[in-house]
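All remarks here apply to the structure that follows.
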Amino acid sequence: MASEAVLIPARDAVLAGDLAVPGSARAVVLFAHGSGSSRLSPRNRAVATALQHAGLATLLMDLLTEHEEAVDALTAGHRFDIALLSGRLTAAVDWLGRHPDTVDLPVHLFGASTGAAAALTAAAERPDQVRSVVSRGGRPDLADEALGRVRAPVLLIVGGADHEVLRLNHEAADRLSAPHEVHVVPGATHLFEEPGALEEVAEAAGRWFLRPPPPSDGA
């Protein structure tokens with residue numbers, strides 16, 4: 001479906017995004033791309049398209065400005081700055097809560113690679129707004145102390161052949177107090193380039209985002 005180009009103000013930047021809201025959307029998924037990538041990530045866009053077909057709105061956004069991306073391409077100085085990236089995701093969560101097309105929609109986060117750490121940190125900072133988090137081939141370990149503060153349910157999707165990242169995800173899962181699962185895609189490597197791998201990611205993410213919410217306390 002067609003998306004709308006939007007600008008998302010953060011404390012120290014204005015960031016470009018692409019917002020798609022299907023009719024009768026049930027929730028909105030905010031994407032956090034991985035290191036060295038952008039809102040144009042073909043893998044995230046493929047997952048976003050699948051989620052739109054499942055009735056979810058999506059927001060793909062750049063986490064860095066054009067100048068910062070140019071600097072990062074030379075120095076890799078921003079891609080591991082989880083505080084910077086998560087702060088911008090938090091600003092985007094707040095923006096979704098004000099935008100007329102998404103103000104009434106539950107917000108979920110989808111993070112890839114280092115973007116997963118940023119998503120988990122943003123979820124810890126906005127526990128009342130973020131309903132769940134999905135990580136694809138992520139580095140949740142980089143969320144550090146924020147892992148223990150996440151309240152939203154977390155799905156960690158990892159390729160079965162991505163051995164080091166799989167180990168890091170299991171270790172991070174042990175530090176989560178929120179409900180969580182590790183979903184291993186058999187035979188998949190870090191970029192999920194194997195036939196059917198990315199489709200499995202999208203299906204697992206869609207099921208996670210569309211799960212009924214847990215009962216409230218006292219229900």
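- Contact between Ala117 and Arg139 at its shortest, heavy atoms only, is CB-O, 3.4 Å.
- Rounding to the nearest 0.5 angstrom, the gap separating the CG atom in Leu120 from the CD1 atom in Ile82 is 10.0 Å.
- Salt bridge status for Asp18 with Arg45: present, with a side-chain N to carboxylate O gap under 4.0 Å.
- Between Val21 and Val28, every side-chain heavy-atom pair lies at or beyond the 4.5 Å cut-off.
- Residue Trp95 holds its CH2 atom at 13.5 Å from CG of Leu89, rounded to the nearest 0.5 Å.
- Residues Leu30 and Leu96 meet the side-chain proximity criterion, which asks for heavy atoms closer than 4.5 Å.
- A donor-acceptor pair under 3.5 Å is absent between the side-chain atoms of His33 and the main chain of Asp62, judged by distance alone.
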Worksheet entry | Criterion side chain to side chain contact (heavy atoms under 4.5 Å, CB included) on Thr114 and Leu142, from CA distance to verdict | CA-CA 7 Å; Thr114 52; Leu142 296 177; 3.9 Å; yes
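- We find that Glu171 and Arg175 are not joined by a salt bridge, their nearest charged nitrogen and carboxylate oxygen being 4.0 Å or further apart.
- Here the side chains of Leu191 and Asp162 are not in contact, with every heavy-atom distance at 4.5 Å or above.
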Item to complete: Could you please spell out the steps behind the side chain to side chain contact (heavy atoms under 4.5 Å, CB included) verdict for Trp208 and Glu181?
Response: CA-CA 10 Å; Trp208 193 260; Glu181 294 179 17; 3.6 Å; yes
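- Atoms CG and CZ, on Leu155 and Arg211 in that order, are 8.5 Å from each other to the nearest 0.5 Å.
- The nearest pair of heavy atoms linking Ala13 to Thr65 is CB-CG2, 3.6 Å.
- Of the inter-residue distances, the one linking Leu176 atom CG with Arg151 atom CZ reads 14.5 Å to the nearest 0.5 angstrom.
- None of Ile157, Asn169, Val182 except one satisfies the side-chain contact (heavy atoms from CB on, under 4.5 Å) rule with Ser135; the exception is Asn169.
- When every heavy atom of Ala116 is checked against every heavy atom of Gly138, the shortest pair comes out as CB-CA, 3.7 Å.
- For the atom pair CZ of Phe31 and OG1 of Thr58, the computed distance is 6.0 Å after rounding to the nearest 0.5 Å.
- Of the candidates Thr102, Val29, Ile8, Val107, Leu59 forms a side-chain contact (heavy atoms from CB on, under 4.5 Å) with just one, namely Ile8.
- Of all non-hydrogen atoms in Leu64 and Arg88, the two that sit nearest each other are CA-NH1, 3.7 Å.
- Of all heavy-atom pairs spanning Leu15 and Ala10, the tightest one is CD1-CB, 4.3 Å.
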Practice prompt. Check step by step if side chain to side chain contact (heavy atoms under 4.5 Å, CB included) holds for Val165 and His190.
Written response: CA-CA 8 Å; Val165 172; His190 188 60; 4.0 Å; yes
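- Smallest separation of non-hydrogen atoms from Asn44 and Ala112: OD1-CB, 4.0 Å.
- No donor-acceptor distance shorter than 3.5 angstrom exists from the side chain of His180 to the backbone of Val154, with no hydrogens or angles considered.
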Discussion item. Quick one, Glu125 with Ser86, criterion side chain to side chain donor-acceptor pair (under 3.5 Å). Give me CA distance, side-chain angles, the key distance, then yes/no.
Written reply: CA-CA 9 Å; Glu125 293 300 320; Ser86 64; over 6 Å; no
Discussion item. Between Val134 and Leu109, does the side chain to side chain contact (heavy atoms under 4.5 Å, CB included) criterion hold? Intermediate values first, please.
Written reply: CA-CA 6 Å; Val134 170; Leu109 304 181; over 6 Å; no
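- The distance from the CG atom of Leu51 to the CZ atom of Arg26 is 12.0 Å, given to the nearest 0.5 Å.
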